[in-house]
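Just so it is clear, the model here is predicted, and its values are computed rather than measured. For this chain, numbers begin at 1 and follow the sequence in order.
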Amino acid sequence: MRILKIEKNDAGQRLDKFLTKAVKGMPQSLMYKFLRTKKIKLNRHRAEPDTRLCEGDEVELFIRDEFFDSPQEDSGAVGRIEPKLDVVYEDENIILLNKRPGVLVHEDDEGRDNTLIMHLQAYLFRKGEYDPEKEQSFAPALCNRIDRNTGGIVIAAKNAASLRDMNERIRSGQVKKFYLCAVHGRMPKQHDVLEGWLRKDNKTNTVSISDKEQPVKNGWREIKTGYRVLAENDGDSLLEVELFTGRTHQIRASMAHIGHPLLGEGKYGVNREDKKRGYKWQALYSYRVRFDFEKAGDVLDYLAGKEYSLPHSAVWFCADFEK
């Protein structure tokens with residue numbers, strides 16, 4: 001028998017979610033069976049899979065030791081990596097990072113060591129704020145993602161309570177994100193709000209946009225994108241874009257849909273000539289984030305009304321629009 005004591009970063013989650021992360025060698029089908037047959041108990045009593053854990057709870061597991069062996073070996077990367085991060089803002093709960101274009105946020109088939117999340121965990125490990133050996137079910141995590149070839153501010157949480165709070169605020173629209181982008185052509189209006197419907201094709205990792213309302217049951221989602229023109233140069237335009245909805249490739253596809261693809265855009269435009277001009281990636285950067293938080297007694301209430309941004313000089317394509 002083993003007893004797992006619920007620590008601060010384990011609390012607040014469902015029992016089955018905790019077990020999935022804390023006992024990686026146990027198949028889910030067996031986990032649910034062990035819960036039904038009381039081979040896994042919570043505070044010496046039978047518990048349902050959706051029971052919410054509290055700090056100080058004890059999970060008793062009357063199962064074979066082999067289930068506690070992870071099927072994947074720990075690479076030890078957090079102790080091996082020399083972290084390279086551009087920190088925009090940091091406190092005891094969250095950290096805002098400026099991700100450079102070309103950097104992966106999470107691991108892919110080629111590996112996981114040289115990713116933003118691994119550099120973040122290595123950074124916090126060196127600061128003494130994260131020790132994977134002491135955590136049963138939590139690791140510092142990113143709250144939002146940015147495409148590999150897009151740069152900008154990424155929000156990360158240092159503890160479980162902050163991760164839950166930030167993720168909920170993002171879902172409820174309390175986090176406002178603003179982008180800078182450079183597009184082909186002069187915009188028909190100095191500012192506008194583009195509305196339509198978007199559907200993702202998972203096979204091609206591309207999206208389609210329709211101006212007409214489309215059925216949600218067929219995978220279509222409503223989108224809303226605001227923009228204003230900041231500068232023009234040689235027939236191209238520098239825009240500030242506000243996302244009212246956050247869908248895959250929303251800005252890139254929306255601009256191409258109205259005939260103004262991003263400079264460097266290879267998926268929704270032709271970028272052959274743009275590359276000759278030095279546009280190695282699509283000209284898109286998440287440069288500003290605002291926390292329009294409702295104060296509800298949660299851990300991140302103190303961020304209400306705060307805004308963090310990068311100067312235009314930190315955005316690689318803005319220099320082309322300086323006069």
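- Side-chain contact between Ile94 and Leu303 is present, with at least one heavy-atom pair separated by less than 4.5 Å.
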Query raised in the report: Given the rule in the side-chain contact (heavy atoms from CB on, under 4.5 Å) test, do Asp86 and Arg100 qualify, once you have shown the distances and angles that lead to the verdict?
Result: CA-CA 9 Å; Asp86 183 356; Arg100 303 299 184 181; 2.9 Å; yes

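- Grouping the Ile, Leu, Val, Met, Phe, Trp and Tyr side chains by contacts below 4.5 angstrom, directly or via other members, places Ile209 apart from Val193.
- Scanning both residues, Met255 and Val241, for their nearest heavy atoms gives CE-CG2, 4.2 Å.
- Linking Ile, Leu, Val, Met, Phe, Trp and Tyr whenever their side-chain heavy atoms come within less than 4.5 Å leaves Leu243 and Tyr285 in two separate clusters.
- Environment of NZ in Lys39: sparse, with no more than 12 heavy atoms of neighbouring residues, nucleotides or ligands closer than 6.0 Å.
- Within the 4.5 Å cutoff, the side chain of Ile81 has heavy atoms near those of the Met118 side chain.
- A pairwise comparison of heavy atoms in Pro132 and Val78 identifies CG-CG2, 3.7 Å as the closest pair.
- Scored by the salt bridge (Lys or Arg N to Asp or Glu O under 4.0 Å) test, Glu294 finds no partners at all (sequence neighbours excluded).
- Interatomic distance, NZ of Lys84 versus CG of Asn114, reported as 8.0 Å (0.5 Å rounding).
- When all heavy atoms are compared, the tightest approach of Ser286 to Leu310 is O-CD1, 4.3 Å.
- Here Phe62 contributes atom CZ and Lys41 contributes atom NZ; the two are 5.5 Å apart, rounded to the nearest 0.5 Å.
- Taking a 6.0 Å sphere around CG of Asp234, one finds it holds 12 or fewer heavy atoms contributed by other residues, nucleotides or ligands.
- Note: Thr248 OG1 to Leu198 CG = 7.5 Å, rounded to the nearest 0.5 Å.
- The side-chain heavy atoms of Leu61 and Phe67, taken from C-beta on, include no pair separated by under 4.5 Å.
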Would you be so kind as to tabulate the donor-acceptor pairs closer than 3.5 Å made by side chains of residues 26-33, with sequence neighbours excluded?
{"residue": "Tyr32", "atom": "OH", "partner": "Asp16", "partner atom": "OD2", "Å": "3.0"}

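- With sequence neighbours excluded, no residue forms a side-chain hydrogen bond (donor to acceptor under 3.5 Å, both in side chains) with Glu92.
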Query raised in the report: Going through the distances and angles, do Glu82 and Arg126 end up as a salt bridge (Lys or Arg N to Asp or Glu O under 4.0 Å)?
Result: CA-CA 9 Å; Glu82 180 68 36; Arg126 287 175 179 249; 3.4 Å; yes

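- In this structure, Leu15 and Ala47 approach most closely via the heavy-atom pair CD2-CB, 3.8 Å.
- For the side-chain hydrogen bond (donor to acceptor under 3.5 Å, both in side chains) test, residues two or more places apart in sequence or in another chain that qualify with Thr204 are Thr206.
- Note on residues 52-65: pairs passing salt bridge (Lys or Arg N to Asp or Glu O under 4.0 Å), not counting sequence neighbours, are Arg2-Asp65, Arg64-Glu66.
- Linking Ile, Leu, Val, Met, Phe, Trp and Tyr whenever their side-chain heavy atoms come within less than 4.5 Å puts Leu35 and Ile6 in one cluster.
- Rounding to the nearest 0.5 Å places CG of Leu97 at 7.5 Å from CG of Leu142.
- Classification of Glu48 and Arg36 as a salt-bridged pair fails, no side-chain N sitting under 4.0 Å from a carboxylate O.
- Side-chain contact between Gln13 and Ser137 is present, with at least one heavy-atom pair separated by less than 4.5 Å.
- At a threshold of 4.5 Å between non-hydrogen side-chain atoms, the residues Trp197 and Val216 count as touching.
- Under the 3.5 Å distance criterion, with hydrogens and angles disregarded, a donor-acceptor pair is assigned to the side chains of Ser162 and Asn159.
- In terms of heavy-atom proximity, Ala283 sits nearest to Phe317 at C-CE2, 3.4 Å.
- Annotation: side chain of Thr115 is not in contact with side chain of Val103 (no heavy-atom distance under 4.5 Å).
- Legend: residues meeting side-chain hydrogen bond (donor to acceptor under 3.5 Å, both in side chains) with Gln136, ordered by chain and number and at least two apart, are Asp10.
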Query raised in the report: Under the side-chain contact (heavy atoms from CB on, under 4.5 Å) criterion, do Asn98 and Val87 qualify, and how do the steps go?
Result: CA-CA 6 Å; Asn98 177 18; Val87 178; over 6 Å; no

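- Glu129 pairs by the salt bridge (Lys or Arg N to Asp or Glu O under 4.0 Å) definition with Lys127, Lys158, not counting sequence neighbours.
- Screening residues 236-250 for salt bridge (Lys or Arg N to Asp or Glu O under 4.0 Å), with sequence neighbours left out, gives Arg228-Glu240, Asp236-Arg277, Glu240-Arg288.
- Residues Tyr302 and Lys295 form no side-chain contact, since every pair of their non-hydrogen atoms from C-beta on lies 4.5 Å or further apart.
- Linking ILVMFWY residues whenever their side-chain heavy atoms come closer than 4.5 Å, directly or via other members, places Ile153 and Leu300 in the same cluster.
- Counting only residues at least two apart or in different chains, salt bridge (Lys or Arg N to Asp or Glu O under 4.0 Å) contacts with residues 248-258 comprise Asp147-Arg252, Arg252-Glu265.
- For an aromatic pair to be called close, the ring centres must be under 6.0 Å apart, and His312 with Phe321 fails this.
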Query - Residues Asn205, His249; criterion side-chain contact (heavy atoms from CB on, under 4.5 Å); working and verdict - result: CA-CA 9 Å; Asn205 192 31; His249 297 171; 4.2 Å; yes

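- No side-chain N or O of Gln250 forms a donor-acceptor pair with one of Ser254 less than 3.5 Å apart.
- In this structure, Val289 and Ser309 have side chains that are not in contact, with every pair of non-hydrogen atoms separated by 4.5 Å or more.
- Side-chain contact check for Asp320 and Asn233: no donor-acceptor pair (N or O, by modelled atom type) lies under 3.5 Å.
- For Arg171, the CZ atom sits in a packed shell: over 12 heavy atoms of surrounding residues, nucleotides or ligands are nearer than 6.0 Å.
- A cation-pi contact links Arg169 to Phe293, judged by a cut-off of 6.0 Å to the six-membered ring centre and 45° from its axis.
- Between Lys306 and Asp292 no salt bridge is recorded (no basic side-chain N to carboxylate O distance below 4.0 Å).
- Among residues two or more places apart in sequence or in another chain, the salt bridge (Lys or Arg N to Asp or Glu O under 4.0 Å) test is passed with Arg272 by none.
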List, one per line, each side-chain donor-acceptor pair under 3.5 Å for residues 176-184, sequence neighbours excluded.
{"residue": "Lys176", "atom": "NZ", "partner": "Gly173", "partner atom": "O", "Å": "3.0"}
{"residue": "His184", "atom": "NE2", "partner": "Asp274", "partner atom": "OD1", "Å": "3.3"}
{"residue": "His184", "atom": "NE2", "partner": "Asp274", "partner atom": "OD2", "Å": "2.9"}

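- Summarising the geometry of Ala156 relative to Leu120, their closest heavy-atom pair is CB-CD2, 3.5 Å, with the distance given to 0.1 Å.
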Report task. Output, in order, the C-alpha distance, side-chain angles, deciding distance and verdict of side-chain contact (heavy atoms from CB on, under 4.5 Å) for Met187 and Leu239. Result -> CA-CA 9 Å; Met187 303 302 290; Leu239 312 179; 3.7 Å; yes

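- Here salt bridge (Lys or Arg N to Asp or Glu O under 4.0 Å) pairs that include residues 185-213, with residues two or more places apart or in two chains, are Arg186-Glu232, Lys189-Asp192.
- With no hydrogens or angles considered, a side-chain donor-acceptor pair links Gln282 and Thr150 at under 3.5 Å.
- Note on Phe138 and Val299: separate hydrophobic clusters, where clusters join Ile, Leu, Val, Met, Phe, Trp and Tyr whose side-chain heavy atoms are under 4.5 Å apart, directly or indirectly.
- Taking the centre of each ring, Phe125 and Tyr130 stay at or above the 6.0 Å mark.
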